[in-house]
Amino acid sequence: MLKLDLNGKRALVCGASQGIGAATARALAESGATVTLVSRSADRLAAVRDELPGTDHDVLALDLGSPDDLVENLDTIAGGGYHIFIHNSGGPPAGRAIDADPAEFEAGFHQHLIAGQRLAQALVPGMRQAGYGRIVNIISTSVKEPIPGLGVSNTVRGAVAAWAKTLSRELGPDGITVNNVLPGFTETPRLESLVAGKAGKQNASEDEVRASMLTQVPLGRFCKPEETAAAITFLCSPLAGYITGINLPVDGGRLGSL
Ligand SMILES: NC(=O)c1ccc[n+]([C@@H]2O[C@H](COP(=O)([O-])OP(=O)(O)OC[C@H]3O[C@@H](n4cnc5c(N)ncnc54)[C@H](OP(=O)(O)O)[C@@H]3O)[C@@H](O)[C@H]2O)c1
């Protein structure tokens, strides 16, 4: 019988020092996986790691936006025998596309697309060998409906979604699934900074900004990171073995598109 059981599976979880990544590391560990937590901050990663059930979890501090940092760590990552890759990190800064410096696009592509490509190339051979592979990209509902005021993010996320769909077709014959989770308004430090930024621009209080955002959400509340992590964990499990190449919104029904 198929089960949500990840005992014996190893997971590399990026952006795991807070927010959706930290909640995902917890959910995967609670399902039995052994987790390596990745972000720039070794101290904050260790604090998350120390709270996980199980004893073999470790941390890897690196900057996904730095090609040098990534390349330096790729052999270690490739040798880790990972079955699960959670491709996640912080979103690009807000602002209109037309106002963004081209360097902001370049930085976004390095951190989100090229880092994902380097990591996938390091991890896929081990997944093939294990006969089990799950790649889950944490991107944004903007791949279905671009979000006003997130010009660089909209652009880079669209590229990641196209990359992921392409990979899902290429890696299907190896039994490796590739899916995207599209978070809606989720209660993490990223949401806090977006709310503060909007309040400043709109000359409104943060409470007013939050209330206005919630008018867009049929379920009428923000998402808890644990709820996003539950969807990600399902996609990583044997239960989701026939699901690949999808964009799964976890947005309380906010997206208007089919
Ligand atoms: N929260 C939302 O409402 C929402 C909505 C739509 C989409 N998303 C997207 O979903 C993803 C996760 O969201 P979140 O809210 O959990 O974000 P978050 O609270 O900002 O957390 C981002 C995580 O990524 C790590 N990180 C950032 N830059 C990094 C880098 N250059 N290299 C390595 N690690 C890096 C951060 O750790 P360090 O600082 O330790 O490196 C942190 O652990 C983001 O891409 C976000 O844009 C979020």
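Bear in mind that the values here come from a model prediction, so they are computed numbers and not experimental data. Side-chain atoms are counted along with the backbone in the values below, which use heavy atoms only and exclude waters and symmetry mates. Each ligand, and each atom within it, is numbered from 1 in the order the structure gives.
Taken to the nearest 0.5 Å, the CG atom of Asp58 stands 9.0 Å off from the CG atom of Leu12. The NZ atom of Lys224 lies 13.5 Å from the OG1 atom of Thr188; values are rounded to the nearest 0.5 Å.
For Asn203, the CG atom sits in a loose shell: 12 or fewer heavy atoms of surrounding residues, nucleotides or ligands are nearer than 6.0 Å.
Contacts classified as ring-ring contact (aromatic ring centres under 6.0 Å, His included) and involving residues 114-164 (residues at least two apart or in different chains) are given here: His87-Trp163.
When non-hydrogen atoms are compared, ligand 1 lies under 4.0 Å from neither the backbone nor the side chain of Met213. Here Ile139 has backbone heavy atoms under 4.0 Å from ligand 1, and that is the only part of it that gets that close. Counting heavy atoms under 4.0 Å from ligand 1, residue Ala16 touches it through the backbone alone. Heavy atoms of Leu62 found under 4.0 angstrom from ligand 1 belong exclusively to the backbone. Contacts with ligand 1 closer than 4.0 Å are made by side-chain heavy atoms of Arg44 only, the backbone lying farther away.
Regarding atom 17 (O) of ligand 1, its nearest protein heavy-atom neighbour is Arg190 CB, 3.5 Å. Scanning the protein heavy atoms around atom 25 (C) of ligand 1, the nearest turns out to be Gly15 CA, 3.6 Å. Of the protein's non-hydrogen atoms, Ser17 OG, 2.8 Å is the one closest to atom 37 (O) of ligand 1. What sits closest to atom 47 (O) of ligand 1 on the protein, heavy atoms only, is Arg157 NH2, 2.6 Å. In terms of protein heavy-atom proximity, atom 26 (N) of ligand 1 is closest to Gly90 N, 3.7 Å. At the shortest separation from atom 6 (C) of ligand 1 among protein heavy atoms lies Pro183 O, 3.3 Å. Shortest contact from atom 31 (N) of ligand 1 to any protein heavy atom: Asp63 OD1, 2.7 Å. Considering only non-hydrogen protein atoms, atom 44 (C) of ligand 1 sits nearest to Ser89 O, 2.9 Å.
Below 3.5 Å of separation, one finds no N or O of Val38 facing any N or O of ligand 1. Inclusion of Ser140 in the set of residues having an N or O under 3.5 Å from an N or O of ligand 1 is not warranted. For ligand 1, the polar-atom distance check finds no N/O of His112 at less than 3.5 Å from any of the ligand's N/O atoms. For ligand 1, the polar-atom distance check against Leu191 finds no nitrogen or oxygen pair separated by under 3.5 Å.
Look at Gly184 and you'll find a heavy atom under 4.0 Å from some atom of ligand 1.
Of the candidates Ala42, Ala22, Ser39, Ser39 brings a heavy atom nearest to atom 40 (O) of ligand 1. For atom 14 (P) of ligand 1, the nearest non-hydrogen atom from the set Ile147, Leu182, Thr188 comes from Thr188.
If you chain together hydrophobic residues whose side chains sit under 4.5 Å apart, Val178 and Ile77 fall into the same group. Hydrophobic clustering (side-chain heavy atoms under 4.5 Å, transitive across Ile, Leu, Val, Met, Phe, Trp, Tyr) groups Val124 together with Val38.
In this structure the side chain of Val217 never reaches within 4.5 angstrom of the side chain of Asp251, judged on heavy atoms. Contact of the Pro92 side chain with the His112 side chain is registered, since non-hydrogen atoms from C-beta on lie closer than 4.5 Å. Side-chain contact between Asn180 and Asn137 is present, with heavy atoms from C-beta onward closer than 4.5 Å.
A donor-acceptor pair shorter than 3.5 Å cannot be found between the side chains of Ser39 and Arg44.
Within the listing of ligand 1, atoms 28 (N), 29 (C), 31 (N) sit less than 4.0 angstrom from a heavy atom of Gln111. Taking every heavy atom of Ile20 and a limit of under 4.0 angstrom, the matching atoms of ligand 1 come to 13 (O), 16 (O).
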